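On a predicted model such as this, the values are computed, not experimentally measured, just so you know. Side chains included, hydrogens not; waters and symmetry mates left out as well; all remaining heavy atoms used.
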Amino acid sequence: MSAPLLSVRSLKTCFPTRAGLVTAVDGVDLDVYPGECLGIVGESGSGKSVTFASVIGLVRSPGYVAEGSIRFGGVDLRRLDSNGWRRLRGRDIAMTMQDALTALNPALTVAEQIEEVLLAHAEDLPKRGRQAAVRERAIEMLRLVGIPAPAKRIDDYPHQFSGGMRQRIMIAIALSCRPKLLIADEPTTALDVTIQAQVLDLISDLRRELGMSVVLITHDLGVVAEHTDRVAVMYAGQVVEAGPTRELIDRPKHPYTRGLIGLIPRLSDLDAPIRPIEGQVPELIGLGGICRFYDRCEFRASKCRTDISMIDVGPDHRARCIRVEEILQ
C-alpha cells in the first residue's frame with residue numbers, strides 16, 4: 001500500500017470547562033490513503049467531528065490540540081501559520097459541514113460563495129478574463145453535482161433551494177478547487193432516504209472521477225458498508241476498532257461495534273428484535289485508567305479496569321478490547 005495522504009498519530013484535543021477538562025479526542029490514530037474512502041462511525045459525542053476539526057485547524061480557543069502529530073502529504077499541519085492554513089484549506093483539503101442551511105451564508109448568492117473559493121485558490125484559471133473564467137467554473141461545478149439549469153440557478157440564494165440541493169451546493173463549493181481530500185461530515189443529515197442515496201452516490205462518483213480521498217463521517221453503519229473502503233469506529237473520544245469495511249462488519253471484534261451492527265434491521269428477518277446498547281456515552285472528564293465502554297459492555301471483567309491499547313485482531317484490523325480472543329470469535 002502507498003504512503004498515507006493523511007496520517008494522524010496520538011491526537012488529543014481538549015476543551016476547558018467549569019466542570020473540568022474535557023478530552024474530546026484522546027489518542028486517535030488514523031490514516032487516509034490516496035483515492036480511498038475512510039468511514040468514521042460512532043454515536044453523537046464520540047469525537048468524530050472534533051477529530052477532523054482538529055485535523056484542519058478549526059479548533060479555536062479555549063479548545064486546543066494538546067498532543068499528537070497531523071501530517072498531510074508529508075507536511076506537519078501543526079506547524080502551519082495562518083497563511084499556511086489559508087492556502088491549504090479549500091485547495092488541498094475541503095470539508096462539508098453537517099447542516100448546509102446554516103453553513104451556507106444566507107446573505108450571499110450561490111455564485112458568490114463558489115467564486116470566493118475559486119478566486120482564493122484556483123491556480124489553473126487564466127489571469128486575463130479571470131472573472132469570466134471563475135463564473136464559468138462555478139456553473140460547471142453546479143452542473144457536476146446535478147443542479148438543474150445551473151446557469152440560471154447560480155445567482156439564487158441558499159433559501160431558494162431544497163435541502164438536498166443545498167447539500168449538493170456545499171459539495172460543489174468543497175470540490176471547486178479539486179482538493180486531494182474531502183471531509184464529508186454527516187453529509188446526509190436531515191435528508192430523506194431518496195436524497196441521501198443521491199448525495200452519497202454523488203460523492204462516490206466524484207471520488208472516482210477526480211481521484212480524491214474521502215473521509216465520510218456518519219453514525220450510520222449502513223452508509224459505511226456501501227460507500228467506504230475502510231472504517232474506524234469511535235467511542236468516547238477514542239478509536240475502538242478499525243479495519244477493512246467488509247471485514248469489520250462481517251467479523252466485528254469490539255463489543256461496541258457488535259452493538260452498532262445489532263441495531264441494523266435485517267431484511268432476512270424483519271421480526272428479529274433490535275437490541276439497543278444500554279446506557280449513554282460517558283462524560284469525557286477524567287476517564288483515564290478504564291475501558292471507555294466498561295459501564296455499557298455485557299462482557300466486562302475486572303481486568304478491563306485498565307488503560308487498553310489497540311491490538312491486532314486480523315490483517316489491517318485492530319480493536320481496543322483485551323477480551324477479543326475469549327468472547328468475540
Exercise. Is there a chain of hydrophobic side chains (I, L, V, M, F, W, Y, each step under 4.5 Å between heavy atoms) that links L142 to L101?
Worked result: no
Exercise. If you measure from CD1 on I173 to CD on E115, what distance do you get to the nearest 0.5 Å?
Worked result: 11.0 Å
Exercise. Okay, side chain of T17, backbone of G20: is any donor-acceptor separation there less than 3.5 Å?
Worked result: yes
For this session: Might you work through the side chain to side chain contact (heavy atoms under 4.5 Å, CB included) test for F15 and V50, ending with a clear yes or no?
Result: CA-CA 11 Å; F15 295 88; V50 176; 3.8 Å; yes
Exercise. Looking at R207 and D229, does any basic side-chain N land under 4.0 Å from a carboxylate oxygen?
Worked result: yes
Exercise. Roughly how far apart are E67 CD and L11 CG, rounded to 0.5 Å?
Worked result: 9.5 Å
Exercise. Are more than 12 heavy atoms from other residues, nucleotides or ligands located less than 6.0 Å from atom CD of E140?
Worked result: yes
Exercise. Between the side chain of Q113 and the main-chain N/O of N105, is any donor-acceptor distance below 3.5 Å?
Worked result: yes
Problem set entry | Spatial distance of atom CE (M95) from atom CG (D185) [nearest 0.5 Å] | 4.5 Å
Exercise. Should we say atom CD of Q160 is surrounded by more than 12 heavy atoms from elsewhere, each under 6.0 Å from it?
Worked result: yes
Problem set entry | N/O donor-acceptor pair under 3.5 Å between R71 side chain and L77 backbone | no
For this session: List the steps, then state whether side-chain hydrogen bond (donor to acceptor under 3.5 Å, both in side chains) holds for S46 with E43.
Result: CA-CA 6 Å; S46 60; E43 292 171 270; over 6 Å; no
Exercise. Can you check whether A232's main-chain N or O pairs, donor with acceptor, with E241's side chain at less than 3.5 Å?
Worked result: no
Problem set entry | H121 side chain vs R89 backbone, donor-acceptor pair below 3.5 Å | yes
Exercise. Just wondering, more than 12 heavy atoms not from K303 lying within 6.0 Å of its NZ?
Worked result: yes
For this session: Output yes when E36 and R230 qualify as a salt bridge under the 4.0 Å nitrogen-oxygen rule, no when they do not.
Result: yes
Problem set entry | Side-chain donor-acceptor pair present, R296, Q280, cut-off under 3.5 Å | no
Problem set entry | Side chains of D155 and T109, donor plus acceptor under 3.5 Å | no
Exercise. Can you tell me if D312 uses its side chain to pair, donor with acceptor, with the backbone of R318 under 3.5 Å?
Worked result: no
Problem set entry | F161 six-ring face occupied by R166 cation (under 6.0 Å, within 45°) | no
Exercise. Hey, any chance V117 and L119 share a hydrophobic cluster, counting ILVMFWY side chains that come within less than 4.5 Å of each other, even indirectly?
Worked result: yes
Exercise. Can any side-chain N or O of K48 pair as donor or acceptor with the backbone N or O of G42 at less than 3.5 Å?
Worked result: yes
Exercise. Checking R78 side chain against S69 main chain: does a donor-acceptor pair fall under 3.5 Å?
Worked result: no
Exercise. Do L30 and I308 belong together in a cluster built from hydrophobic side chains that touch within less than 4.5 Å?
Worked result: no
For this session: Using the side chain to side chain contact (heavy atoms under 4.5 Å, CB included) rule, take M234 and I40 through it: C-alpha gap first, then chi angles, then the decisive distance, then the call.
Result: CA-CA 7 Å; M234 291 193 66; I40 308 293; 3.9 Å; yes
For this session: Taking T13 for its side chain and Y64 for its backbone only, find out whether a donor-acceptor pair lies under 3.5 Å.
Result: no
For this session: Kindly work out whether a path of hydrophobic side-chain contacts (I/L/V/M/F/W/Y, heavy atoms less than 4.5 Å apart) joins V215 to L58.
Result: yes
Exercise. Would R300 and D295 pass as an ion pair if we require N to O under 4.0 Å?
Worked result: no
Exercise. Can you tell me if S10 uses its side chain to pair, donor with acceptor, with the backbone of G27 under 3.5 Å?
Worked result: no
Exercise. Should F52 and M97 be counted in the same cluster of Ile, Leu, Val, Met, Phe, Trp and Tyr side chains packed under 4.5 Å apart?
Worked result: yes
Problem set entry | Distance (rounded to the nearest 0.5 Å) between S213 OG and L5 CG | 5.0 Å
Exercise. Aromatic rings Y157 and H159: how do their planes relate, parallel, tilted or perpendicular, breaks at 30° and 60°?
Worked result: parallel
Exercise. Should the heavy atoms of other residues, nucleotides or ligands under 6.0 Å from CZ of R79 be counted, would the total exceed 12?
Worked result: no
Exercise. Mind checking whether F293 and Y235 have parallel, tilted or perpendicular rings, split at 30° and 60°?
Worked result: perpendicular
Exercise. Using 4.0 Å as the upper bound for N to carboxylate O, is an ion pair formed by R320 and D307?
Worked result: no
Seminar exercise, completed: Distance col, row R258:CZ vs I261:CD1, nearest 0.5 angstrom, shows 9.0 Å
